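Data block below; observations after.
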Amino acid sequence: MESKRGLHAGILILLLLASSALFAPALAPHDPTRQNLGQDLLTSTQGHPLGTDKLGRDILSRTIYGSRVSLLVGVATVALSLSIGFALGALAGYFGGWLDQLLMRLVDVLLAFPGILLAIAFTAVLGPGLDHVILALCLIGWTGYARLVRGEILALREREFVHAARALGCAPGRVILCHLLPNLLPPLVIQATFGLAAAIVAEGSLSFLGLGVEPPTPSWGSMLNEGRQFLLVAPHLTTYPGLAIMITVIALNLIGDALQDRLNSGR
Amino acid sequence: MKRYFFQRLLLLLPTLLGALTLVFFLIHLVPGDPVEVMLGETASAADKEELRRSLGLDRPLLAQYRSFLTGLLTVDLGRSLSERASVSALIRARFPATFQLTFCAMAVALLLSFSLAAMAARHRASWIDRAALLFSLFGLSLPNFWLGPMLMIVFAIQLGWTPVSGRGGLGHLVLPSLTLGLGMAAILTRILRAGLLQAIREDYVRTARAKGLSESRVWLKHTLRNALLPVITIVSLQFGSLLAGSIITETVFSWPGIGRLTVQAIQARDYPLVQGCVLVIATTYLLVNFLTDIFYRLADPRIHYGK
């Protein structure tokens, strides 16, 4: 019951966030990049409910527009990582042999790097930018999906329905896409939900270190980075973008947990 | 046991070599010119050529790779461009601070998670249990680049209970350790609670109770002990996250460790230093995982890997 409530709350929050990202131009009261140096570091006022930053830019508008970057990076990273991870994991699990060994050793090597360390190193070499962030996060992101898909296919490939499909003359690609993929969807959706949360936090971390999107594009992580210098005089610069990240991640974790509970109780 | 140790060591070596090779090629093969990134697009061709020569980037790739591996064997990670010192010496000077922070964060995580999980499992479905699960959800969702500044605003700036930043006495450790350890505490609380709830239903617990053992003895000696094994794995895996997380936490609290050194190296476009820091963090992570496997085997002799 609680898990169901969590799922509904998570979906509702996520829908609100996606709508705010989609309709940002209509919802934001100001241009998020317009500077007004006469109105810098304001706290809550009538024109600026969440205040302004050091360049007089409206925090509410920047937070609304920031959701675009976070969700875009999250969705693009998950889509790309999932596609690569699924393709390589399916090849490794279905065909096995040297291909499986080679791919799994590559996964081991990539997983030798803790957390987002490799993404930090990658963006440090390539320089900041949205596409570099997505590429850097995919560099490790695909490994989790590949391991999951390989493991599930190893368990499924000897089942009767797979043998039957092969006996009917289905090509390996058709067996994987039409017969194995539907069975892999539930765990993949759960992993993608947690992956989306992780990618949003990772984008925030990279932007916080100055390796994410380039100014003046607003992103929650870069807003936090800018606000860090004014922690004593204007803590609101740090509070709101951080709250936005936290709410998004909580929503995704609620959805992921609820789906996981359903999958576990169904198995 | 000795055989097992050497088997694991043999598995570790190719992974370590693969990780080191990946870092090398990451710096040398990604699109874009690291020299141009270091000096900026406006630098003269002569300056770029000079830097390329001093970094050895004008030599064939395989020769560079050979020198890189030879350097690693002699613990020579090259010279830092921004600090004008050897990379190994810089890392050696900063590593104790990172270790101190990481271990304190781990201690915070273990203390919080053990207390919360034990209370939650003991009072299942009560408000304590719900509070522990809520803590776990929030702990997992709070990014440390936000939690750090928030703790700083409340406890250092407004209440004045702790120093704002830097490294010094015990007081300096409180906020960075909390920031770094909270995420791990959240994960451990979930796993330990689930483990305890599973262990309490086992037959040996019923037998222990039937023998007339006190409830605290049943929990400590029989339930907790058996719920500990998965915790060892998670602690080891999370150690890597703590090392990576220290990059952010050290930056937030101006903690003079290897994480902050990495960020400073990135900002200064000091590639030999970035490469050295990444290598040391990845190697430490792999070694900790290796030691955990050995410890795991010692803790539970039933465990076998492979044949």
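In what follows, chains carry the letters A, B, and so on, assigned in the order in which the sequence lines appear, proteins first and then strands, with residues in each chain numbered from 1. All values derive from a computational prediction rather than experimental measurement.
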Nearest heavy-atom neighbours spanning [X] and [Y]:
X: A:Leu231; Y: B:Met152; answer: CD2-SD, 3.3 Å
X: A:Asp257; Y: B:Arg190; answer: OD2-NH2, 2.7 Å
X: B:Trp146; Y: A:Thr239; answer: NE1-O, 3.3 Å
X: B:Phe145; Y: A:Val201; answer: CE2-O, 3.5 Å
X: A:Val249; Y: B:Ser141; answer: CG1-CA, 3.6 Å
X: B:Ala282; Y: A:Leu117; answer: N-CD2, 4.3 Å

Between [options], who has the most heavy-atom pairs with chain B when the cutoff is under 4.5 Å?
options: A:Thr238, A:Ile247, A:Thr123; value: A:Thr238
options: A:Ser205, A:Pro235, A:Ala251; value: A:Ser205
options: A:Ile116, A:Ile120, A:Leu243; value: A:Leu243

For chain A, the option from B:Ser241, B:Ala19, B:Gly18 that forms the most heavy-atom pairs under 4.5 Å
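Result: the option with the highest number of such pairs is B:Ala19.
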Greatest number of heavy atom pairs closer than 4.5 Å to chain A - which of B:Val274, B:Leu17, B:Leu20, B:Leu137
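Going by pairs under 4.5 Å, I would pick B:Leu137.
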Given that the side chain runs from C-beta out, which part of [X] has a heavy atom under 4.5 Å from chain B: side chain, backbone, both or neither?
X: A:Ala197; value: neither
X: A:Ile250; value: both
X: A:Arg105; value: neither
X: A:Ile200; value: neither

Using non-hydrogen atoms only, which part of [X] is less than 4.5 Å away from chain A: side chain, backbone, both, or neither?
X: B:Leu140; answer: both
X: B:Val263; answer: side chain
X: B:Tyr285; answer: side chain

B:Thr251 and A:Leu209: CA distance, side-chain angles, deciding distance, side-chain contact (heavy atoms from CB on, under 4.5 Å) verdict
CA-CA 8 Å; B:Thr251 306; A:Leu209 295 173; 4.1 Å; yes
I'd like to know if the side chain of B:Thr15 pairs up with that of A:Asp108 as donor and acceptor (distance under 3.5 Å, no hydrogens or angles considered).
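There is no such pair (donor and acceptor under 3.5 Å, judged by atom type) between the side chains of B:Thr15 and A:Asp108.
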Residue pair A:Phe208 / B:Val252, side-chain heavy-atom distance below 4.5 Å
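The answer is yes, as the side chains (C-beta and beyond) meet within the 4.5 Å cut-off.
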With a sphere of 6.0 Å drawn around CZ of B:Phe155, does it hold more than 12 non-hydrogen atoms of other residues, nucleotides or ligands?
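Counting neighbours around CZ of B:Phe155, 12 or fewer heavy atoms of other residues, nucleotides or ligands fall under 6.0 Å, so no.
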Is the number of heavy atoms from other residues, nucleotides or ligands within 6.0 Å of CD (A:Gln229) greater than 12?
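Yes, the 6.0 Å shell around CD holds more than 12 heavy atoms from other groups.
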Reported OG1-to-CZ distance for the pair B:Thr283 and A:Phe113, which is rounded to 0.5 angstrom:
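So the OG1 of B:Thr283 and the CZ of A:Phe113 are separated by 8.5 Å.
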Could you walk me through whether B:Leu22 and A:Leu118 pass the side-chain contact (heavy atoms from CB on, under 4.5 Å) test, one step at a time?
CA-CA 10 Å; B:Leu22 184 71; A:Leu118 204 57; 3.8 Å; yes
